[in-house]
There are 4 protein chains.
Amino acid sequence: MTSPATRRQGSTTQPVPQRLLAAATRLFADRGYDRTSVQEIVEAAGVTKGALYHYFGSKDDLLHEIYGRVLRLQQERLDAFAEADAPVEQRLRDAAADVVVTTIENLDDASIFFRSMHQLSEEKQKQVRAERRRYHERFRALIEEGQKAGVFSTATPADLVVDYHFGSVHHLSTWYRPGGRLTPQQVADHLADLLLRALRP
Amino acid sequence: MTSPATRRQGSTTQPVPQRLLAAATRLFADRGYDRTSVQEIVEAAGVTKGALYHYFGSKDDLLHEIYGRVLRLQQERLDAFAEADAPVEQRLRDAAADVVVTTIENLDDASIFFRSMHQLSEEKQKQVRAERRRYHERFRALIEEGQKAGVFSTATPADLVVDYHFGSVHHLSTWYRPGGRLTPQQVADHLADLLLRALRP
Amino acid sequence: MTSPATRRQGSTTQPVPQRLLAAATRLFADRGYDRTSVQEIVEAAGVTKGALYHYFGSKDDLLHEIYGRVLRLQQERLDAFAEADAPVEQRLRDAAADVVVTTIENLDDASIFFRSMHQLSEEKQKQVRAERRRYHERFRALIEEGQKAGVFSTATPADLVVDYHFGSVHHLSTWYRPGGRLTPQQVADHLADLLLRALRP
Amino acid sequence: MTSPATRRQGSTTQPVPQRLLAAATRLFADRGYDRTSVQEIVEAAGVTKGALYHYFGSKDDLLHEIYGRVLRLQQERLDAFAEADAPVEQRLRDAAADVVVTTIENLDDASIFFRSMHQLSEEKQKQVRAERRRYHERFRALIEEGQKAGVFSTATPADLVVDYHFGSVHHLSTWYRPGGRLTPQQVADHLADLLLRALRP
DNA sequence: AATGAATGAGACTTCATTCAT
DNA sequence: TATGAATGAAGTCTCATTCAT
């Protein structure tokens with residue numbers, strides 16, 4: 001009884017909202033939020049406009065949902081690594097490498113995340129920035145912990161170190177291509193290594 | 001005798017194309033390329049739409065011009081530092097710090113540069129990527145030179161090191177605010193220092 | 001309960017696409033394709049621009065639709081006359097007269113048809129020319145049949161005879177005015193007669 | 001001292017107004033009056049916009065000039081043939097063939113003539129129609145002379161016969177291609193022959 | 001006799017969203 | 001839960017024409 005249209009993507013198995021989110025993610029990453037029309041999203045998801053507006057209040061809601069998904073995932077993982085039972089150097093290295101791997105594995109999310117903040121409504125932006133700050137602070141705390149313990153250099157303010165590392169994470173979607181010379185794990189190890197080497201006292 | 005319209009921005013002294021470019025830069029950085037209308041640009045520049053299209057073939061041409069300006073400037077500066085008569089550590093440190101200062105001094109250009117590539121026509125993107133690559137390679141050569149000379153660690157491929165540093169430059173427009181705790185030069189020194197420390201053998 | 005806008009033209013009974021096509025036909029014939037704005041069309045049809053673009057991909061699509069309508073009609077009628085069970089002179093005369101009557105009855109279509117080919121996209125022009133050729137060839141075949149049978153003169157190549165007759169059909173929209181001295185049928189009979197007389201051996 | 005721009009077309013020898021008219025004729029025939037921009041005309045003529053507006057009051061003036069040129073030429077030639085010292089059949093045949101040859105030799109003029117009437121201002125259209133009528137009447141008079149003399153059939157009103165023939169002339173620009181199977185003179189002879197055969201009593 | 005920068009109106013088209021069904 | 005026709009505002013761009021030089 002399913003219409004042929006709903007069968008695209010071989011994803012009739014997935015519920016409609018997920019299908020919409022997946023289609024939107026791919027398209028937003030590909031051509032940018034403003035260049036993606038609602039029509040294109042619903043076509044890619046194999047549904048109609050009415051369905052989209054049934055589940056999401058607006059196009060901008062879709063974007064917000066994507067932001068939420070990324071933020072939740074990254075925060076959870078960081079929390080896990082930060083709370084682990086290991087020396088601070090190890091915990092920082094693991095967290096730093098993990099965010100790289102996770103970012104590469106969701107490169108579309110990353111492209112969107114760093115490029116589309118402005119398209120969110122002012123209110124939603126505020127919310128995202130707040131969660132982002134929480135994440136940033138947890139990461140910074142890790143560095144400060146090491147600095148206080150004397151295992152990390154205090155030459156550079158911890159804040160700046162966080163931004164230094166996250167700059168490289170942000171940049172991944174610009175240059176990393178799946179199937180490239182290095183595996184995600186190798187890239188992650190290298191970048192975490194650079195961070196730790198820079199922090200040597 | 002000058003009409004009121006030409007007086008906006010008190011910039012009647014500057015020629016029209018420059019005025020348009022300045023207005024476009026500010027607006028593109030503020031609200032993004034797609035969210036800026038041609039109407040807004042010409043109003044900010046105090047001219048009419050016809051005048052804009054007299055000098056620029058399209059909105060996209062304005063963006064391309066901005067890219068060209070940034071690329072020319074950065075390449076010139078990098079070339080100068082790379083060719084200087086000094087040890088390679090010094091030349092790399094100077095170049096790495098300079099690109100940070102220059103980026104902060106033209107933060108609008110930077111916001112646009114890293115966020116708006118996709119809005120360029122495919123052809124213009126190709127051109128920009130080619131010039132970008134030239135820049136990247138020059139920077140990488142500096143690192144490789146130090147690695148061969150044994151003053152830089154070879155633990156990380158030079159390519160990746162370049163991307164690590166430029167990630168942080170890229171990221172500046174996300175977090176740096178003029179009038180912040182650190183001066184541009186201080187930020188630059190810190191970031192260059194992090195790079196050099198990470199490269200210690 | 002119908003809004004005032006939908007009532008213009010007293011044509012709320014007709015579906016929107018037909019109303020648009022009718023309005024476009026009248027206007028294109030009146031003032032030419034390029035001189036007719038999309039705004040004028042939707043106003044004449046009593047709908048909004050959005051509605052037009054919901055049904056037609058472009059202004060050029062409207063024109064293409066008009067061409068399609070004319071071509072289908074004329075081809076059908078020619079086929080019917082050509083396949084009739086009658087001597088070839090009779091079949092040619094009937095077909096030649098019929099195209100005149102049909103053209104006069106749809107004079108707007110005819111004005112457009114012969115004047116607006118160039119405004120179609122290259123691709124659509126190709127398509128129209130192909131269908132036009134099919135029509136031309138069917139008509140020519142009728143003449144050649146008569147020439148082989150010895151009832152028509154072979155002094156003039158059949159191709160040229162077809163163009164001779166269709167020139168006069170083409171020309172109708174230039175000079176024929178409804179309510180003129182001659183009825184459509186009379187004009188048709190005269191023109192078909194001229195053709196047949198010119199073909200006498 | 002002539003700038004490189006004015007040298008295009010190798011036509012620096014011709015005066016500017018003629019060059020503009022020639023360029024306009026070619027372009028109007030190629031892509032239609034409305035689709036041709038003033039910019040394109042001046043570029044093709046190797047002059048600037050100021051020069052065009054120095055010689056012609058408007059774009060529509062250029063078109064009017066083209067109409068005038070065609071009308072003058074055709075009227076002169078028809079007058080010459082009509083007044084010749086020869087039997088009426090011969091005079092009609094010569095005139096009918098001549099207009100075909102002349103039309104083919106100026107096919108661009110013909111395309112424009114039959115397709116662009118509507119782009120003239122109402123006033124200029126009236127003027128053109130008046131001259132056109134004079135031409136038509138002179139041609140019709142020739143046919144009526146033959147009908148009165150009993151050498152042409154009176155089965156068809158002379159008016160309609162004129163339109164029949166001019167339809168075929170009008171149509172030439174649709175199908176005739178230089179370098180085709182038949183020379184202009186051969187086409188002319190065939191079409192004149194068809195006319196005369198149709199008029200056989 | 002000629003330039004070319006500038007105007008300003010209007011062209012086609014896109015698009016997020018709504019609403020009766 | 002879902003449709004898809006329809007809206008209406010806004011978007012980019014074109015162009016004939018003018019005018020100071």
Side-chain angles (χ1 to χ4, degrees), chain A residues 3 5-6 15-17 33-42 46-62 119, chain B residues 1 3 5-6 15-17 20 33-42 45-62, chain C residues 1 3 5-6 15-17 20 33-42 45-62, chain D residues 3 5-6 15-17 33-42 46-62 119:
Chain A
S3 86
T6 51
V16 169
Y33 177 83
D34 282 314
R35 308 284 247 237
T36 303
S37 74
V38 168
Q39 188 58 46
E40 288 169 319
I41 297 170
V42 299
V47 303
T48 61
K49 273 196 245 195
L52 187 154
Y53 281 94
H54 183 72
Y55 292 106
F56 300 90
S58 64
K59 184 185 171 187
D60 151 86
D61 254 23
L62 275 170
Q119 338 292 11
Chain B
M1 207 54 89
S3 86
T6 51
V16 169
L20 284 164
Y33 177 83
D34 281 315
R35 305 286 248 236
T36 303
S37 75
V38 168
Q39 188 59 45
E40 289 169 318
I41 297 170
V42 299
V47 302
T48 60
K49 266 191 265 201
L52 188 155
Y53 282 97
H54 184 70
Y55 291 106
F56 299 91
S58 63
K59 186 185 172 188
D60 165 282
D61 249 26
L62 273 171
Chain C
M1 203 59 86
S3 86
T6 50
V16 170
L20 283 164
Y33 177 83
D34 282 314
R35 305 287 249 235
T36 303
S37 75
V38 167
Q39 188 59 45
E40 289 170 317
I41 297 170
V42 299
V47 301
T48 61
K49 269 194 263 205
L52 187 155
Y53 282 95
H54 183 70
Y55 292 105
F56 300 92
S58 63
K59 185 184 172 188
D60 165 284
D61 249 27
L62 272 171
Chain D
S3 86
T6 51
V16 169
Y33 177 83
D34 282 313
R35 308 284 248 237
T36 303
S37 74
V38 168
Q39 188 60 45
E40 288 170 318
I41 297 170
V42 299
V47 303
T48 61
K49 273 198 244 195
L52 187 153
Y53 280 94
H54 183 70
Y55 292 107
F56 299 90
S58 64
K59 185 186 172 188
D60 150 85
D61 254 22
L62 273 170
Q119 337 292 12

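Quick note on labels: first sequence line is chain A, next is B, and so on, each numbered from 1.
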Please determine whether a side-chain nitrogen or oxygen atom of Tyr53(D) lies at a distance below 4.0 Å from atom OP1 or OP2 of dT17(F).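 Indeed, a polar side-chain atom of Tyr53(D) lies that close.
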Given dA2(F), is OP1 or OP2 found less than 4.0 Å from the side-chain N or O atoms of His54(A)? no
With heavy atoms under 4.0 Å as the rule, sort Tyr55(D) into base, sugar-phosphate or nothing. sugar-phosphate
Using whole Å, what does the distance between atom [atom2] of nucleotide [N] and atom [atom1] of [X] come to?
{"X": "Asp34(B)", "N": "dT12(F)", "atom1": "CG", "atom2": "P", "answer": "9 Å"}
{"X": "Asp61(B)", "N": "dT12(F)", "atom1": "CG", "atom2": "P", "answer": "14 Å"}
{"X": "Tyr33(A)", "N": "dT14(E)", "atom1": "OH", "atom2": "P", "answer": "19 Å"}
{"X": "Phe56(D)", "N": "dT17(F)", "atom1": "CZ", "atom2": "C1'", "answer": "16 Å"}
{"X": "Gln119(D)", "N": "dA16(F)", "atom1": "CD", "atom2": "P", "answer": "12 Å"}
{"X": "Ile41(D)", "N": "dC15(F)", "atom1": "CD1", "atom2": "P", "answer": "11 Å"}
{"X": "Leu52(A)", "N": "dC15(E)", "atom1": "CG", "atom2": "C1'", "answer": "13 Å"}

Shortest non-hydrogen contact from Arg35(A) to Glu40(A)?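 Where Arg35(A) meets Glu40(A) most closely, the heavy atoms are O-OE1, 3.6 Å.
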Kindly determine whether Val42(B) and Val47(B) satisfy side chain to side chain contact (heavy atoms under 4.5 Å, CB included), including the steps that lead there. CA-CA 5 Å; Val42(B) 299; Val47(B) 302; 4.1 Å; yes
Could you identify the nucleotide paired to dT21(F), looking across every strand shown and requiring Watson-Crick or G-U wobble geometry with both distances under 3.5 Å? dA2(E)
Applying a 3.5 Å limit to both distances, which nucleotide forms a Watson-Crick or G-U wobble pair with dC15(E)?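 Per the H-bond distance test, dG8(F).
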Non-hydrogen side-chain atoms of Asp60(D) and Tyr33(D) separated by less than 4.5 Å: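 Yes, at least one pair of side-chain atoms sits under 4.5 Å.
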Val38(A) has its side chain closest, among dT13(E), dT17(E), dA2(E), to dT17(E)
What's the closest nucleotide to the Thr48(A) side chain, out of dT3(E), dC12(E), dT3(F)?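 Given the options dT3(E), dC12(E), dT3(F), the side chain of Thr48(A) is closest to dT3(F).
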Would you state whether a donor and an acceptor, one from the side chain of Lys49(A) and one from the base of dT17(E), lie under 3.5 Å apart?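 For Lys49(A), whose side chain was compared with the base of dT17(E), there is a donor-acceptor pair (under 3.5 Å).
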Let me confirm one number: the OG1-CG distance from Thr36(D) to Asp34(C), rounded to the nearest 0.5 Å. 9.5 Å
How long is the gap from OH on Tyr55(D) to CG on Leu62(D), to the nearest 0.5 Å?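 Spacing of OH (Tyr55(D)) from CG (Leu62(D)) equals 13.0 Å.
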Could you say whether Arg35(B) or Ala51(C) is positioned toward the 5' end of DNA chain F, judged by the nucleotide with the nearest heavy atom to each? Ala51(C)
For Gln39(B) and for Pro17(C), find the nucleotide of DNA chain F with the closest heavy atom, then tell me which residue's nucleotide is more 5'. Pro17(C)
Could you pick out which residue, Lys59(C) or Gly50(B), lies toward the 5' side of DNA chain E when each is mapped onto its nearest nucleotide?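 So the residue in question is Gly50(B).
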